[in-house]
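Step one of this worksheet: look at the structure below.
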Protein chains: 2
Amino acid sequence: MLHWKTDTIAPRAPPFPPLIHPRSVAEVSPGFGIVSLMNASRDFPTNGDIFSQYEEVNNVYSVVSGAVRFSRMMKDGRRQIGAFYFPGDFFGLESEERHSFSAEAIVNSRIRVTKRGAFLKTVMGDQACAHEIWSETAAHLQRAQRHMSVLGRKNARERVAAFLLDMDARLHSQGSIDLPMPRRDIADYLGLTIETVSRIFTNLAKSKIIAISDVRRIVLCNRAALGQLSES
Amino acid sequence: MLHWKTDTIAPRAPPFPPLIHPRSVAEVSPGFGIVSLMNASRDFPTNGDIFSQYEEVNNVYSVVSGAVRFSRMMKDGRRQIGAFYFPGDFFGLESEERHSFSAEAIVNSRIRVTKRGAFLKTVMGDQACAHEIWSETAAHLQRAQRHMSVLGRKNARERVAAFLLDMDARLHSQGSIDLPMPRRDIADYLGLTIETVSRIFTNLAKSKIIAISDVRRIVLCNRAALGQLSES
DNA sequence: CGATTAATTGACAAAACTCAATACGAGTGG
DNA sequence: CCACTCGTATTGAGTTTTGTCAATTAATCG
């Protein structure tokens with residue numbers, strides 16, 4: 001029984017107990033000073049819209065608990081997920097006037113929300129904060145660029161391997177990874193179909209590289225093999 | 001006869017006449033204040049390394065003339081090009097200590113180079129500059145995220161269409177696009193093989209959507225059709 | 001418990017890749 | 001100026017990978 005499966009629609013109900021990792025609130029408002037400027041927080045239900053494509057950029061966000069997908073839809077319904085955000089991650093700050101991606105809660109999530117204007121003004125006034133916000137954006141950029149290599153040049157097995165290792169690192173898993181997202185999200189993140197993702201999962205399990213203890217709970221049995229696969 | 005084909009090996013020879021677009025030097029040092037802080041410039045020959053993957057981040061760069069590819073190589077030789085940079089573009093400023101991509105001149109190019117440390121200190125001290133540098137990074141991020149949709153969710157024809165429209169816009173082409181890069185670079189940017197890129201070019205030409213007046217010179221005959229194809 | 005959604009599995013089709021051959025273009029030397 | 005070479009691009013034939021469609025199983029939730 002994966003806890004966050006239990007509460008699906010209850011709006012604004014504090015997730016109980018949600019994706020909160022064993023780190024202090026100070027760490028969740030990540031080591032930095034910037035997030036402490038963001039004091040209003042809101043709860044979003046599973047699949048709740050945080051902002052959507054084409055909407056005006058009004059706020060900046062930071063994940064307190066839960067998980068967020070950052071995605072873009074094509075006219076014919078094809079969807080690309082550009083990133084996943086987890087507790088401590090900061091998102092939604094863009095230089096353009098309108099969002100080019102939308103953000104949705106994957107599970108019940110608590111999100112800190114701050115007015116963009118006030119945030120930018122405050123942040124840019126302070127040299128350390130300005131550097132920090134830039135550096136955060138640069139890190140997002142680097143992550144995006146790395147993901148381009150996955151999408152452009154890796155086969156299905158390598159993509160899934162890279163995904164699992166990334167989730168393992170980012171979700172602070174102990175022993176097993178509790179994936180908050182459904183197969184469709186994984187597929188849309190990796191540029192594959194759900195069927196292919198599913199087949200690769202089964203295939204990796206057959207090769208004893210992973211074990212699927214629950215559909216959403218994965219154990220990495222052979223990290224070396226995964227590393228080999230995802231090697232860039 | 002595409003001019004930049006004529007000078008291939010002469011190192012540090014000023015390109016004559018290279019990819020310089022009809023805008024003033026002030027514009028090339030883009031409207032902003034930041035680039036004016038970068039006053040040393042260097043000429044790189046075709047295929048010259050500007051910096052490479054795993055190298056320390058020492059400088060920041062801006063293209064004066066020519067064209068640059070920003071790429072990452074996998075152990076087995078597969079390569080992903082993350083971006084192309086053209087006159088006025090700013091690149092190489094990263095938050096990490098080491099580059100995760102390398103940058104090479106595609107044709108003889110003149111590049112402004114500035115020490116990273118000095119640059120960051122100066123820039124972060126000034127509020128307007130700090131905002132500008134952040135906003136530039138955010139724009140790169142947005143471009144990368146958009147490209148992820150291309151790599152993850154578009155078929156070969158759609159990728160090439162999107163590429164041509166992008167080059168058309170960025171190279172300030174009048175009538176026809178002079179592509180500075182070979183087919184291999186296009187393939188590695190779009191996550192395809194050179195054969196597929198070549199076939200799609202021929203195919204688009206047969207459909208009268210483009211005309212290939214020279215291997216590297218493309219005329220867009222039907223932008224509407226290209227837009228339709230690349231629509232996201 | 002039954003309805004509904006999510007995930008898996010299989011058979012087949014399609015898109016893109018691989019390998020190989022050929023054509024083209026630019027530069028070189030006779 | 002022409003033949004020759006070398007790198008780049010195109011084209012074709014056949015294979016591979018992944019996608020599509022359909023059926024089945026599993027999980028979730030009222």
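Reckoned from all heavy atoms, side chains included, excluding hydrogens, waters and symmetry mates. Naming convention: chains lettered A, B, ... in sequence-line order (proteins, then strands); numbering from 1 in each chain.
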Nearest whole angstrom, please: distance from the [atom2] of [N] to the [atom1] of [X].
X	N	atom1	atom2	answer
Leu190(A)	dG19(D)	CG	C1'	15 Å
Arg157(A)	dT16(D)	CZ	C1'	15 Å
Asn155(B)	dT18(D)	CG	C1'	14 Å
Leu151(B)	dT18(D)	CG	C1'	17 Å
Ile212(B)	dA23(C)	CD1	P	18 Å
Phe201(B)	dA9(D)	CZ	C1'	11 Å
Asp188(A)	dG19(D)	CG	P	11 Å
Leu204(B)	dT11(D)	CG	P	13 Å

Can a side chain N or O of [X] be found less than 4.0 Å away from OP1 or OP2 on [N]?
X	N	value
Thr193(A)	dT18(D)	no
Thr202(A)	dT8(C)	no
Arg183(B)	dT10(D)	yes

Minimum-distance nucleotide (side-chain atoms of [X] versus [options]):
X	options	result
Ala156(A)	dT11(D), dT18(D), dG10(C)	dT18(D)
Ser198(B)	dC17(C), dT10(D), dA7(C)	dT10(D)
Arg216(A)	dA7(C), dG10(C), dA9(D)	dA7(C)

Less than 3.5 Å apart, any donor N or O on the side chain of [X] or [Y] sitting next to an acceptor on the other?
X	Y	result
Ser100(B)	Gln145(A)	no
Asn59(A)	Arg112(A)	no
Arg159(B)	Thr196(B)	no

* Asked: Taking the six-membered ring of Tyr54(A) as reference, does the NZ or CZ atom of Arg98(A) fall below 6.0 Å from its centre and within a 45° cone about the axis?
  -> no
* **Criterion ring pair (Phe, Tyr, Trp, His ring centres under 6.0 Å) against Phe70(A), the qualifying member of Tyr85(A), Tyr189(A), Phe91(A)** => Tyr85(A)
* Asked: Counting only distance, no hydrogens or angles, is the base of dT18(C) paired donor-acceptor with the side chain of Arg199(B) under 3.5 Å?
  -> yes
* Asked: So what does Ile194(B) touch, heavy atoms closer than 4.0 Å: a base, only the sugar-phosphate, or nothing?
  -> nothing
